[in-house]
Student: 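Have a look at this one.
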Amino acid sequence: MEEAISRILAELEEIRHFFDNPTNPNPQYLSESTLLDLQTLLRHATNSNDSEPLDSFFEDLSSKSLSPSHLVLPISSTMDLGPTHLSLLASNVYLSLLLSPNSPVFTLFTPMSFLSLLRSIRRYLKPRPRGTSETGEGSHNVVANRKRKGGSGGRGRGRGSRNNEKSLGVDEGESEESEFDVGKLFSVLEKLESVMGLIHLDRFPDSLKSLVQTVVEIPVMAVEVCGNSVSYNRITDLCSRVLSEVLRPEHGEQADTAAEVLKSLSPLILRSKSPARTFGLGFVMHRMMGVAKSSDGVKKAVVNLPRYLVQKAPEKTELRALAVESIMEIVKVMEFNDQIGFVEYVLKMTQGKASLRLLGVDLILMLMMSLKDPLGVELDGEVKSEWGLRCMEALIQRCSDTIGGIRARALSNLAQLVGFLAGDDRSRAVLKEVMGFGNVAEERRIEADINGLLRKRCMDEKAAVRKATFLLITKLTALLGGAFDEVVLKTIGMACSDPLVSIRKAAISALSEAFRKFSDESVTTEWLHSVPRLITDNESSIQEECENLFLELVLDRISGAASAGFFQNGSVLSNSSLRAKSSEKEMEFLFPEGVLGLLRGICNGEVIPWVKKICASLGKKKWLKHKIVLALQNIIKTSESLWLRQSMPIEKWTAPPGAWFLLSEVSAYLSKAVDWEFLHHHWQLFDKHGVRGEVKIPLAQGDAHAEEEGIESNSVAWAGDRVFLLQTISNVSMELPPEPAADLAHNLLKRIEEFNMHSTEVNAHVKALRTLCKQKASNPEEADSLVMRWVDQLLSKASHILEKYVLEVSEAKQDGYFFTPPSRKGKKAARLLSKAVTAVYTIGSLVIVCPSADVGTITPLLHTIITSGNSDPKLNKLPGPSVSLKQTAPPLYIQAWLTMGKICLVDGKLAKNYIPLFVQELEKSDCAALRNNLVVMMADFCVRYTALVDCYIAKITKCLCDPCELVRRQTFILLSRLLQGEYCHFSHNQRDYVKWRGVLFLRFLLSLVDESEKIRQLADYLFGSILKAKAPLLAYNSFVEAIFILNDCHAHNGHTDSQGSRVESRLFSIRGSDENSRSKRMHIYVSLLKQMAPEHLLATFAKLCAEILAAASDGMLDTEDITGQSVLQDAFQILACKEIRIPTNRGSSSDSAEIDEEGGDSGGGSAAAARGRAITQAVRKGLIQNTIPIFIELKRLLESKNSPLIGSLMECLRILLKDYKNEIDDILVADKQLQKELIYDMQKYDSAKTKSTATEAVAKMQKSSSNKSPDVSKVASGKHAHNFTKSKGNSKLASAMADAAAAATARSVLREVNKGASTPPLSSLSVPKLKSCNGASTSQCDRPLNVLKSLSKRHSFDSDEEN
């Protein structure tokens, strides 16, 4: 030990003069050997309890006139400047020195040395570059060489080490590095914990603060350097022990110390998921909570920690969610009263600024889900827990927040909360009361109407809000108990066609969950009308979801009826007293709930096409099960058996609606599951009783009308069932035995030849007969021969019937009995007409089935019918009846056009001649049914003969304004499919048969404001979803032209008239300046603006200013014309509407909240968004700087003409000044005269507007006083003079109020523009030069010279602020 002591003293004496001179620029640090000698000395004194060597060391120090500071200062210097391994070794030595026996602690401990110790620990934990071990070995060699050169005793080592390092080019901070040794760090931290028991840091607050910060940083830094979790856990445990020592009262006021510790831990707690975050939370939850039990100061700090974290919570979605999680972890370990205190704080947050409201909404969800018994269901007695109810109320209030992101988050959190609480029966009962679904007292009910809230939020402008609302509805399904609001149901159904895929999916989920839980008729109807149609959706995942839901909610439910029915309920069926209406109730009772309602729903005319597509798709995927066929057969059998057992006539029986239809669709893929005996039995039944209604109409009985209606409806129902039965037979024809198949074919042909079937049955019979022939023929040639044989036979008979009828009509005209009251000849003519109509329809069906059939003899007959009574002299020369069949036989006339269209579809030469005739009839026909058929035929012609029909598209589009809603809707649907290339009846190649050009797009715009709600919905879906994706530039390219077309304006010199006459242009316009017309046009403009990208909105803004406003100021647009004024007024409204504005997103919390709701943000996306915002801001600035001069010039023009449009211009200008304030600043600051002009004009306009409003209010007040009762008027008559004086005073008061309000408005605008700053001197402004008359000087401003002169002549009106 003596040698070690002598070496230590020698080096201390050598470097003594460096520390005695405070101005020495080269402080020295101890060598590693000296530090090791000191460590050995101190370890011996500590472990052996022998303090004699250490005491002699301090005595030797004194003998050499070395104070303890001469030992501490080199150690501190080594901790600060030495390599990291020497620095940590010095730290270890320093701590050992403080812990050594009889150590002069108060002499050795200094704040500077303690700070050096802390810096040494941080340096050691910094990440090291690769290869540091080699550098360490090299540096050790340098030290060894230095020792040898320095001689015995180590003299000259201090300076030599410094010089050697510099000569080798080794940096001070990185010389003599070694690999990270976690054991050394353990030793330092353990000793630091022990030292905290010896020293009291209450006198050194800066040292205490540095200690806390360093210890908190250690777990963060150790993550990167620790190789395994065991070492890291040991480090964090040591850090926890050190921080626990810090919390002792010896180190200062515990409340202040705890606050400092928690403040330092807060960044760790709010970090993303990491071991350091776990350490921070664990220390607070376990260590500090334990100390808080015995210390009020620590408890107070811990209780306030969640509030502090709330203020420091980040705004990004993921980090905010982690902050909420961390806060809740701390709150959960707090005492109940402290938890309630935090709940009160959160409730106040929901009334604060946007970021706090958003965080409060998230915290309410976690509080309700984490704390025990939020609704007080476990409390006994009258006292109930109200904090949960208040949280629910606050959450529901935030569902109507002004910021969309907060509304969406509140709704989604409410949905999660409802799903969480609904799992417990007692909580569900209280929740129903809270949500307003129970019959409870008012004090237990939240005032907000949930159904009203859902109605509003389902139609919210923000997509995230609508999506969250549908999620909430999904969760509320169990609470609603089937009592769905009709408006909410309709809104969800409409949302199933939303342009956004996520919204459609959310709406489907909400509606399907309601349908899954309840089989209410309204829910079933809405589901069937909204979800199955999505089988044609552009998104494949939605198509698959639609198929899965239909399989689950429709087919599987119906399949449950396979084992139900009369076989298990014979006693019920034996009751013979039940009649027709009661039998329906019994049917409902026999089968699973809602099955018969489902069948009725799927056979609705609007649902049938989608059900067919779904069944076909499921069949191709082989997802259909045999059980569905068995169930449908069982339903039909049970219905028939129930009818017969009640002794009711079988000819009046009809199967449950939809049963035969669904069987006909699924049988195509499950043919082996269909029972032939079942089909044969019902075919014989229908064939025997199906056609009795047409010939047995009792006209002589008193109740003839009612009986006739009953028979007719029964006949139609039987006809529909026969159609579906025939389709089913066609589907299973391959499974039929040969003999029954032949008998059935003969029966079908015989039925067709009678020409007395309903038109819906004809196609089914013809197709079934063709299918039987093809299936049972031995080869295709034989099948074609069989089909051609009976087709020719039927055509011949149909032609004979048609000729006979035309002859009868001619004879009837001559005899004069055609229009007389019913007689034998009249009845005969009626029967002949019915037969002729069926024959004509049969001809059309045969032509479609067999295109090669010879119709040469039939075409002239059809031509005679469709041209009968025509005023065209060319057509009158043709043979035929002189009487118009259009008036005398409308059904035949309509069917003749339809059949002629079918013939033209298979004969191109004939079509070329007759297509103009079809178009002519479409234009002049007054029969809606015929126009509807003609539109369908023209759509088919457009696919087959595109070039021939293209020139008539403009005439077809006139049907978009047809007086009949059905024709308008049919035209819209067919043209939309042609425009999308989806009209593929005759072509499987998807292409655009019609182009979006000319007037076609502009004429479609009127459908957005059609009287029919269904057409408006279709138009919204077309423009908002399909065209936005397929033709994104369409709205932008046609926007300005649409303004002129909709206003029927021809007062623009540069605006050429579109195709078509003035009559057509008037037909497709919404002309007028009344409120209704303006609102319709504005709805169309807004719909188009919503389709545009931001860059197109900016370009549209520029086009409106250049092509309308500038045109008006230049005289190209006549502002005195009524339509020109309407165009200009529309332009002002569009420029002022919010849809054309682009949000600047200046980084507010509300904006970030709304962005977060739509999804996460990546680094690349953020950078691109930032660049886009910068470009947009620059474009906005240039755009508005070019716009203001146009407004000024146009204002002068309108003022000179005393135009009524000045008000609209000033309103638009006011909004531009407000929304583009930053961009306009550059104009107005550089042009103070223009600024004063605008302020003065706005003040004058506001004054006039306010005066008008105040005068109207006074007039209403006077009118109300004059309309009092006679008794009151008698009393008031004595005060007439007083009232007169008062009314004059009111007028003066209104004028004064108006002036004051206008002045205040002007001052506020001026204050916003100037931002409270005075006008800068002229020399500091970049003032544009004015162009002279000679054009000598250049100019940066393109305003006309006369405008600039007018501005200079205006008087100056200084504001109050400037004065």
Student: So, the side chain of Thr842 versus the backbone of Thr838: is there a donor-acceptor pair under 3.5 Å, distance only?
Tutor: yes

Student: Do Asp940 and Val936 touch side chain to side chain, with heavy atoms closer than 4.5 Å?
Tutor: yes

Student: Would a distance-only check, ignoring hydrogens and angles, find a side-chain to backbone donor-acceptor pair under 3.5 Å from Arg931 to Ser925?
Tutor: yes

Student: Hey, which of Leu975, Ile973, Leu974 is the one that makes side-chain contact (heavy atoms from CB on, under 4.5 Å) with Thr971?
Tutor: Leu975

Student: In a check of side-chain hydrogen bond (donor to acceptor under 3.5 Å, both in side chains) between Asp1010 and each of Gln1017, Lys1080, Arg969, Arg968, which one passes?
Tutor: Arg968

Student: What I'd like to find out is whether the side chain of Ile1084 reaches to under 4.5 Å of the side chain of Phe1023, using heavy atoms alone.
Tutor: no

Student: On a heavy-atom basis, which atom in Tyr952 and which in Pro916 lie closest, and how many Å separate them?
Tutor: OH-CG, 3.5 Å

Student: Does the plane of the ring in His863 sit parallel, tilted or perpendicular to the ring in Tyr914? Use 30° and 60° as the thresholds.
Tutor: perpendicular

Student: Mind checking the OG-OH spacing from Ser976 to Tyr1021? Nearest 0.5 Å is all I need.
Tutor: 11.5 Å

Student: Say you draw a straight line from SG of Cys850 to CG of Leu846; how long is it, rounded to the nearest 0.5 Å?
Tutor: 8.5 Å

Student: Do Leu1002 and Ser1038 pass the side-chain contact (heavy atoms from CB on, under 4.5 Å) test, and can you show the C-alpha distance, the side-chain angles, and the key distance before you say yes or no?
Tutor: CA-CA 8 Å; Leu1002 300 174; Ser1038 306; 4.2 Å; yes

Student: Of all the heavy-atom pairs spanning Leu1088 and Ala1035, show the shortest one and how long it is.
Tutor: O-CB, 3.7 Å

Student: Taking all non-hydrogen atoms of both residues, which atom of Thr899 and which atom of Gly844 are closest, and how far apart?
Tutor: CG2-N, 3.6 Å

Student: Show your reasoning for whether side-chain contact (heavy atoms from CB on, under 4.5 Å) applies to Tyr805 and Leu892.
Tutor: CA-CA 10 Å; Tyr805 179 77; Leu892 180 63; 3.3 Å; yes

Student: Any sub-3.5 Å donor-acceptor pair from Thr864's side-chain atoms to Pro860's backbone N or O?
Tutor: yes

Student: Just verifying a value: how many Å separate Cys615 SG and Leu662 CG, rounded to the nearest 0.5 Å?
Tutor: 5.5 Å

Student: Side-chain contact test, heavy atoms from C-beta onward, threshold under 4.5 Å: evaluate it for Phe972 versus Phe1004 and give yes or no.
Tutor: yes

Student: Which heavy atom in Ala853 sits nearest to a heavy atom in Leu795, and how many Å separate them?
Tutor: CB-CD1, 3.7 Å

Student: Are Val837 and Phe755 packed together at the side-chain level, in the sense that at least one heavy-atom pair is separated by less than 4.5 angstrom?
Tutor: no

Student: How long is the span from the CG atom in Leu922 to the NZ atom in Lys955, to the nearest 0.5 Å?
Tutor: 10.0 Å

Student: When rounded to the nearest 0.5 angstrom, what distance separates CE in Met494 from SG in Cys496?
Tutor: 11.0 Å

Student: For the NZ atom of Lys909 and the CG atom of Asn913, what is their distance to the nearest 0.5 Å?
Tutor: 10.5 Å

Student: With distance as the sole test, does Ser868 use its side chain to make a donor-acceptor pair with the main-chain N or O of Ile865 at under 3.5 Å?
Tutor: yes

Student: Is there side-chain contact between Tyr841 and Met757, with at least one heavy-atom pair below 4.5 Å?
Tutor: no

Student: Taking the side chain as every heavy atom from C-beta outward, state whether Met900 and Met937 have any atom pair closer than 4.5 Å.
Tutor: no

Student: Stepwise, does the ring-ring contact (aromatic ring centres under 6.0 Å, His included) test hold for Trp897 with Phe918?
Tutor: CA-CA 8 Å; Trp897 279 105; Phe918 278 97; 5.2 Å; yes

Student: Kindly say whether Ile903 contributes a backbone atom to a donor-acceptor pair with the side chain of Asp907 at under 3.5 angstrom?
Tutor: no

Student: So, Asp792 side chain and Asp854 main chain: donor-acceptor pair closer than 3.5 Å or not?
Tutor: no

Student: With a 3.5 Å distance limit and no angle check, can you tell me whether Thr957 reaches the backbone of Ala954 through a side-chain donor-acceptor pair?
Tutor: yes

Student: Is a side-chain N or O of Ser667 found less than 3.5 angstrom from the main chain of Asn731, in a donor-acceptor match?
Tutor: no

Student: Do Gln543 and Glu539 have side chains that approach each other closer than 4.5 Å (heavy atoms only, starting at C-beta)?
Tutor: no

Student: Closest heavy-atom contact between Ile801 and Ala839?
Tutor: CG2-CB, 4.3 Å

Student: Does Thr771 reach the side chain of Ser733, with side-chain heavy atoms less than 4.5 Å apart?
Tutor: yes

Student: Can you check side-chain contact (heavy atoms from CB on, under 4.5 Å) on Trp790 and Val766, steps first, answer last?
Tutor: CA-CA 10 Å; Trp790 58 262; Val766 171; 4.2 Å; yes

Student: Students often mix this up, so state it plainly: with edges at 30° and 60°, are the rings of Phe941 and Tyr945 parallel, tilted or perpendicular?
Tutor: tilted

Student: Taking Thr859 for the side chain and Gly856 for the main chain, is one N or O donor matched with an acceptor at less than 3.5 Å?
Tutor: no

Student: Give me the atom names and distance for the closest heavy-atom approach of His1083 to Asp1020.
Tutor: NE2-OD1, 4.3 Å

Student: Taking Lys1014 first and then Glu606, would you say they form a salt bridge - that is, a charged N and a carboxylate O separated by under 4.0 Å?
Tutor: yes

Student: Any chance you could lay out the side-chain contact (heavy atoms from CB on, under 4.5 Å) test for Val949 and Ile956, step after step, and finish with the verdict?
Tutor: CA-CA 10 Å; Val949 183; Ile956 298 174; 4.0 Å; yes

